[in-house]
A.B. asks: 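Pasting a structure here, questions to come.
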Amino acid sequence: MSDLVLLLVTGLGLGALYFIAASGLSLIYGLMGVLNFAHGAFMTAGAYAGWLTMDALPESWPTGSRLVLALLVAVVVGTVIGVVVEVVLIRPLYRHHIQQVLVTVGLSLAGVAAAQGIWGSDPRPVDKPVWMTTTSDVLGARLPNDRLVYVVAAVALFLGLMALLHLTRLGLVIRAGVENRTMVEALGINVRRTFTVVFAIGGAAAGLAGVLYSQYAGAVSPAQGGSLLIFAFIVVVIGGMGSLPGTAVAAVVVGLVQQLANYYAASGVGDLSVVLLLALVLLLRPTSLKGAPA
Amino acid sequence: MSEERAIHDATPEVQPRPVLSLDDVHVRFGGSHVLQGVSFDVPSTGVTALLGRNGVGKTTTLKAVIGLAPRSGRILLQGREIQQQATARIVRAGVGYVPEDREVFGGLTVDENLRLVDPDLGVDAPVVAELFPDLVKRRGQRAGTLSGGQQQMVSLARVLLRDNALLLIDEPTKGLAPKLVTEVADVLAEVARTTPILLVEQNLPLVRRIADRVVVLDAGEVVHRGAAADLVADVELTRELLGVSMRREGAA
Amino acid sequence: MTSSTQTPPAVRASTGGPDSPDGPAGTQPRSSRARVLLRAIPALVVVAVLAYLPYVAAELPGILPGRVNGPGSMQLLATCLVVGGIALSYDVLFGRTGLLSFGHALFVAAGSYLLTISLSTWDLPLPLAVGVALGLSTLLALAVGAIALRVGGIAFAMVTLAFAQAASIVVMRNPGGLTGGEEGKPLDRDALPGLLVGVSNAPYRYWLALGFVVVAWVFVSLLVRSRAGHAMAAVRENEQRAAVLGFGTYRVKLMAIVAGSFLGAVGGAVHALVLGGSNPHLTTSEFTLSLLVMVVLGGAGHRWGGVLGGVLYTYADARLVEVSNAGFLHSLPEVVRQVLSQPLFILGAFFVVVVYFAPSGLTGLGGRLIRRAGTR
């Protein structure tokens, strides 16, 4: 029983990371039809920004407060990168979806290579607050605290985004834009400004995901963002391409499946089981997936 | 009523500056040349109907005006060039656009659909209560669950929340039952008292009822301009230009 | 460049326009075989020159490592050619059919690893090993394509990437010592004909690579002229319309995936023979992305585009490291030098520039320049 609780919570923690990584991707795709391949590079940038921040702050500070500052810096860096990429690279290619994907592909290759050039391709260890390395007793299971942090962060992000979507004017425009961008413009609303905001939100979420994932992995490395991105893609596809609640459910399912498969089958089977899950979903309920042509 | 209009229009009057002028407008999609030098004016009052067979470029003409089709040539709104401007700016400059097939936001409520245009009032705007009382009752309903006629009302209502210099309305009665066609026509006639309309419409009896002038397109070019009554009265001309018999349409 | 004298297929297909009754088929003049031969002459000259290179002993300092026919240069050129052919195979999907797949590496890697495993672990004779590698790779393409095509557009790209990633994970895990994990798996030298083994036989591996490019090029040329090729072009130009014209778009796309993957698997097998084994880099998403970059750089949907892009990309990837040691860079700040020392950074940035300013790729650019010069 306690094993199962432990598995469920660790799986949930992983799913939380996947949701944070996928949420920005899903929002951007939903509104703009852009597959942001550079999202992985955004996450890597966030991870390195956080790592550098923690390194730069005095050792005497508690690791926890350094981590909080690192998160803030990573979110700001992610936001700035998102805005710059949207304004400089994506906007001029408006309506050319394939070219937009290509540009983000080039960006992700160049971004990872740049990180490799500057910091090397080997993982660099990151400091982890002691509390996050320990466990708490819940229902007889000793639950790792860091997973709880990821879950809290993901829930906060989810609620924040849902509030944004349903309680604000910006959210109304985004929801309308996800349905029919052209018509939003034909009602006299400047959707492009919304695009920039959504890219900023996506970048911020990517920065957050980058730091939390480096905490999970215990290190930063240039390829980190890319490997997280693939799971984020799977989550976005299973979740229905652009639906935030769908993305959240899919992230939890993927995290749980991965963790359970790793435990009950063999270590490493989890990654594969996720791809199998994707194949199953595609085979069984293809109509629920809004795989609209670009 | 249509008789009166016909007489009124037949006498040439001193027209003020047209609200919209198209001058040699071309639209190309990929390899096909959809509009091949379209020129006409929309006067600042009444309804101008844009007619023609299927696929001659009527919808494309509206989209060219609103900036949803890649266009070249000159388009003047109240004397100012708009052919370079983005859609949202043209709309804010006073052009309301009601697209073919309504294109309401199905996942949003009626009120949210309207609040996109008017964040403060939405369905509480006076014009909605006046012209579309049914929508006020359905304010919380998702637009996707409305009937076609109700969706058309949402589509019309949301452009009327703005002050428009001109309305572009594309086949508002397409697929509607006769009773609803009448309702839509009543709304259009009411709106036309204050705002000029460029209307794409296949339903000739409706055109006869509310339109003052007609512009007929064929294969991407203007082939006829004149008073609505003249065209409608000339059975041969109607058949030649539109490929339909007015009598048969009217009897149906 | 023979290509400049001929309408690129993308243009040819779209001139029909959505309203013209004749489809993309039937626009090809069938009259003169002589003209076709005439057009082939420059290609034949290029192939002849390339085939002669192993006899050239000259040194090209800064361009090739050592003598042109030295083992270093031969190996580099052979790799460039193989990857050029593989890029051409990817263009069957991307440029010819409009399928944005991020999973092509999967089939290339399948061809490579299945050949290596067949020879080194299962001890099959070479012809049988090739048959097994290509057969299984094609079956894999059929299965993966059939599932991934249940979604379209961008989702298809994401799904194919996920499948390729699954394969990458399997290869890295080294199940049962089959794939060699991160180290890769070497070919069993004893299982190969003597001509393909050893430093002194580098020219033979080079000719093998050249042969593959020629075969791939002919394969793609014949494919795009066939009925299937016209259907692919129709799907690329306008999927809905292609469906209206009676092409089963699902089958056309699946056919393109299988054909392109088969060719990619051949490329993977040749890659293994040229490099003496299978390298896990072939399975990575980075390799898939670089295929996309190559095709766009060269010119998607262009008969030379994939080959040119693949050759240039591979060459640049191998040689840009040398450039980063060049003297003029030493005056630059440390960080800039570190970044510029990464060939992928330069290639990625250059790629972004190409997408913006030369969306039809280098062949498109070249063709445009030649045409402009010709009209004066």
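Scope of the values below: all heavy atoms of this structure, side chains included, with no hydrogens, waters or symmetry mates. All of these numbers come straight from a predicted model, not from anything done at the bench.
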A.B. asks: Taking every non-hydrogen pair under 4.5 Å, which of Glu334(C), Glu286(C), Arg173(C) racks up the most with chain A?
C.D. replies: Arg173(C)
A.B. asks: Which pairs count as ring pair (Phe, Tyr, Trp, His ring centres under 6.0 Å) when at least one residue sits in residues 233-258 of chain A, sequence neighbours excluded?
C.D. replies: Phe37(A)-Phe233(A)
A.B. asks: If I measure from the heavy atoms of chain A, does Phe351(C) come under 4.5 Å with its side chain, its backbone, both, or neither?
C.D. replies: side chain
A.B. asks: With chain C, which of Leu109(A), Leu89(A), Val112(A), Thr104(A) has the greatest number of heavy-atom pairs at distances under 4.5 Å?
C.D. replies: Leu89(A)
A.B. asks: May I ask you to name which of Ser227(A), Ala110(A), Ser108(A), Gly226(A) has the most heavy-atom pairs under 4.5 Å with chain C?
C.D. replies: Ala110(A)
A.B. asks: Tell me the residues of residues 270-279 of chain A whose non-hydrogen atoms fall below 4.5 Å from those of chain C, in number order.
C.D. replies: Asp271(A), Leu272(A), Val275(A), Leu278(A), Ala279(A)
A.B. asks: Ile147(C) versus chain A, heavy atoms under 4.5 Å apart: side chain, backbone, both or neither?
C.D. replies: both
A.B. asks: Heavy-atom pairs under 4.5 Å with chain C are the metric here; pick the option from Leu102(A), Val101(A), Ile234(A), Leu35(A) that has the most.
C.D. replies: Leu102(A)
A.B. asks: Tell me, please, which residues at least two apart from Glu86(A) pass side-chain hydrogen bond (donor to acceptor under 3.5 Å, both in side chains).
C.D. replies: Arg91(A), Thr196(A)
A.B. asks: By the definition side chain to side chain contact (heavy atoms under 4.5 Å, CB included), identify the one residue from Thr194(A), Val83(A), Ile90(A) that meets it with Phe199(A).
C.D. replies: Ile90(A)
A.B. asks: Identify, with sequence neighbours excluded, every residue that meets side-chain contact (heavy atoms from CB on, under 4.5 Å) alongside Pro92(A).
C.D. replies: Tyr356(C)
A.B. asks: Answer yes or no: is there a side-chain heavy-atom contact under 4.5 Å between Gln224(A) and Met43(A)?
C.D. replies: no
A.B. asks: Side chain of Ser290(C), backbone of Phe287(C): donor and acceptor closer than 3.5 Å?
C.D. replies: yes
A.B. asks: Quick one about Thr10(A) and Gln259(A) (side-chain donor to acceptor, distance below 3.5 Å, no hydrogens or angles considered), yes or no?
C.D. replies: yes
A.B. asks: Can you say whether Val144(C) sits under 4.5 Å from chain A via the side chain, the backbone, both, or neither, judging by heavy atoms?
C.D. replies: neither
A.B. asks: Angle class for the Trp51(A)/Tyr48(A) ring planes (parallel below 30°, perpendicular above 60°, tilted otherwise)?
C.D. replies: perpendicular
A.B. asks: Sub-3.5 Å donor-acceptor pair from the side chain of Asn174(C) to the main-chain atoms of Thr179(C), do we have one?
C.D. replies: yes
A.B. asks: Does any heavy atom of chain A fall under 4.5 Å from the side chain of Phe102(C), the backbone, both, or neither of them?
C.D. replies: side chain
A.B. asks: What orientation do His104(C) and Phe107(C) show, parallel under 30°, tilted 30 to 60°, or perpendicular over 60°?
C.D. replies: perpendicular
